[in-house]
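Have a look at the structure below before the remarks.
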Protein chains: 2
Amino acid sequence: MSEMTQTASSEARPYHHGDLSRALVEAARRILETEGPAALSLRAVAREAGVSPAAPYHHFKDKGELLDAVAHEGWAALDAALGEARAKAVDSKERMTSLGVAYVCFARDNPALYRVMYDCSRDKDALPEQMKEEGAYCQVRNTIDERSGGTATPLDLELATIAAWCAGHGLAEMISFKQFDPLKEALGGEEAFLRAVFEHLGMFAKLDQA
Amino acid sequence: MSEMTQTASSEARPYHHGDLSRALVEAARRILETEGPAALSLRAVAREAGVSPAAPYHHFKDKGELLDAVAHEGWAALDAALGEARAKAVDSKERMTSLGVAYVCFARDNPALYRVMYDCSRDKDALPEQMKEEGAYCQVRNTIDERSGGTATPLDLELATIAAWCAGHGLAEMISFKQFDPLKEALGGEEAFLRAVFEHLGMFAKLDQA
DNA sequence: CACCGATCTAAACGACGTCAAGATAATCTT
DNA sequence: AAGATTATCTTGACGTCGTTTAGATCGGTG
């Protein structure tokens, strides 16, 4: 089996790595966290994993495919984060806001990973299949459905899910702009700011009045 | 003065271009529209403008500064688009939705430019100054203020503006995913889809009930 | 007219993504 | 167990990129 996850500084590695695919993805995530998306070159990933620049091509068709793998892990992590938030909130009314806050916090805490996730999606003009089957998107839809007491029509449910997703993503992209720092302070912290914006969105006005 | 906007194929250009800054920005926009953001290299821009790869450095500190100039024009174009939409809508209730639709349509019709606009903002962790003074952001705030009859507190007004902006941006980024194509058809077109989502956002529930 | 600063070119550097050839090791066949 | 096959990794190369340095060219000022 594979030894430790190994960086370039380790002792001599056997000629065959053992599990280079995995090591490359982990190296990529390490670079993303420490140096940001701009530093994420294929060569840098290979360097970090301690292999030659051409080695990754035996495991991924090209750079894009490696990033796809990274993005896949990102979506899985987001799924998990939303799942936790959903489980914690007891009140159905509050659960939706918690979900939104959790989404934005994930993006804030993993900005580079979040960027890669959407960059990959854009290249394929589609959100990952992963989301369709019990992924993050479904969690949002289920939470909304639950909140509406199951009375929402499929169309309304889908529209509400899209609306919520867009609001979350939009806020996730805005939250890092320092423009809003004074406002965050005035409201007593970032999470309070998030909750205030979500409240203003009143994303479920239509469902509530039904 | 400057001759025609000139591509690489034109007849011999004088050694000094005349207005290379402008020509470079225009060349960049041309490349963005025809070949997309991935093809937008400094060298390609210089090629398109018919100058050497080093020429741009006498007008812009680096590639980022050229993109800043492109982004600046993008924000101006967005301002104009929102201004038009705002002027057309007579009903105060409808005006807000029209503004949102216009925003998303701008992003859909100028996807590469829209991307450059936000990429530049991210590099500076701030939306452009441009927006602060009668720019797009102010137009949204003014429209919201107008709608609330001027009764909204400054805090509520700011939060509502942020909420609306996030919703618009989020929807703008999602609209291109083909995931939602069936839904668009079901609703009878893309604009109908946009309006439906905006309606579901009920972005002004809080202001309306006041 | 001579000069000077602004503008452009030519040539080079290192880093990048990618590919073709060859080396090495694990696995399969007999 | 020995040889053949296949998967994996390295070396070296190609073209492109952003950027810098040195030199060529030109417009305007004395």
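Convention: sequence-line order gives letters A, B, ...; per-chain numbering from 1.
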Self-check item: Pairs where residues 56-72 of chain A contributes a residue and the test salt bridge (Lys or Arg N to Asp or Glu O under 4.0 Å) is met, not counting sequence neighbours
Solution: Asp68(A)-Lys124(A)
Quiz item: When the ring planes of Phe106(B) and Tyr114(B) are compared, do they come out parallel, tilted or perpendicular, using 30° and 60° as the limits?
Solution: perpendicular
Exercise. Salt-bridge test for Arg115(A) and Glu173(A): reply yes if a basic N is under 4.0 Å from a carboxylate O, no otherwise.
Key: yes
Quiz item: Charged N to carboxylate O below 4.0 Å: is that the case for Arg147(A) and Glu94(A)?
Solution: no
Exercise. Tell me, please, which residues at least two apart from Tyr118(A) pass side-chain hydrogen bond (donor to acceptor under 3.5 Å, both in side chains).
Key: Tyr103(A), Trp165(A)
Practice problem: Applying side-chain hydrogen bond (donor to acceptor under 3.5 Å, both in side chains), name anything that partners Asn142(A), two or more places apart in sequence or on another chain. | Solution: none
Quiz prompt | Watson-Crick or G-U stems of DNA chain C, 3 or more pairs, under 3.5 Å, by first number | solution = C:1-30 with D:1-30
Measure [atom1]/[X] against [atom2]/[N] and give the value in whole Å, please.
X	N	atom1	atom2	value
Phe60(A)	dG17(C)	CZ	C1'	16 Å
Leu20(B)	dC26(D)	CG	C1'	15 Å
His58(B)	dG5(C)	NE2	P	15 Å

Exercise. Taking only the side-chain nitrogens and oxygens of His59(A), find out if one of them lies under 4.0 Å from OP1 or OP2 of dA7(D).
Key: no
Self-check item: Test item: side-chain donor near acceptor, Ser98(B) and Arg86(B), under 3.5 Å
Solution: no
Self-check item: Ser41(B): side-chain contact (heavy atoms from CB on, under 4.5 Å) partners, not counting sequence neighbours
Solution: Arg43(B), Ala44(B), Arg47(B)
Exercise. Quick one, give me the B/S/- string for nucleotides 14-20 of chain D, reading 5' to 3', where B means a protein heavy atom under 4.0 Å from the base and S means that only happens at the primed atoms, P, OP1 or OP2.
Key: ---BBBB
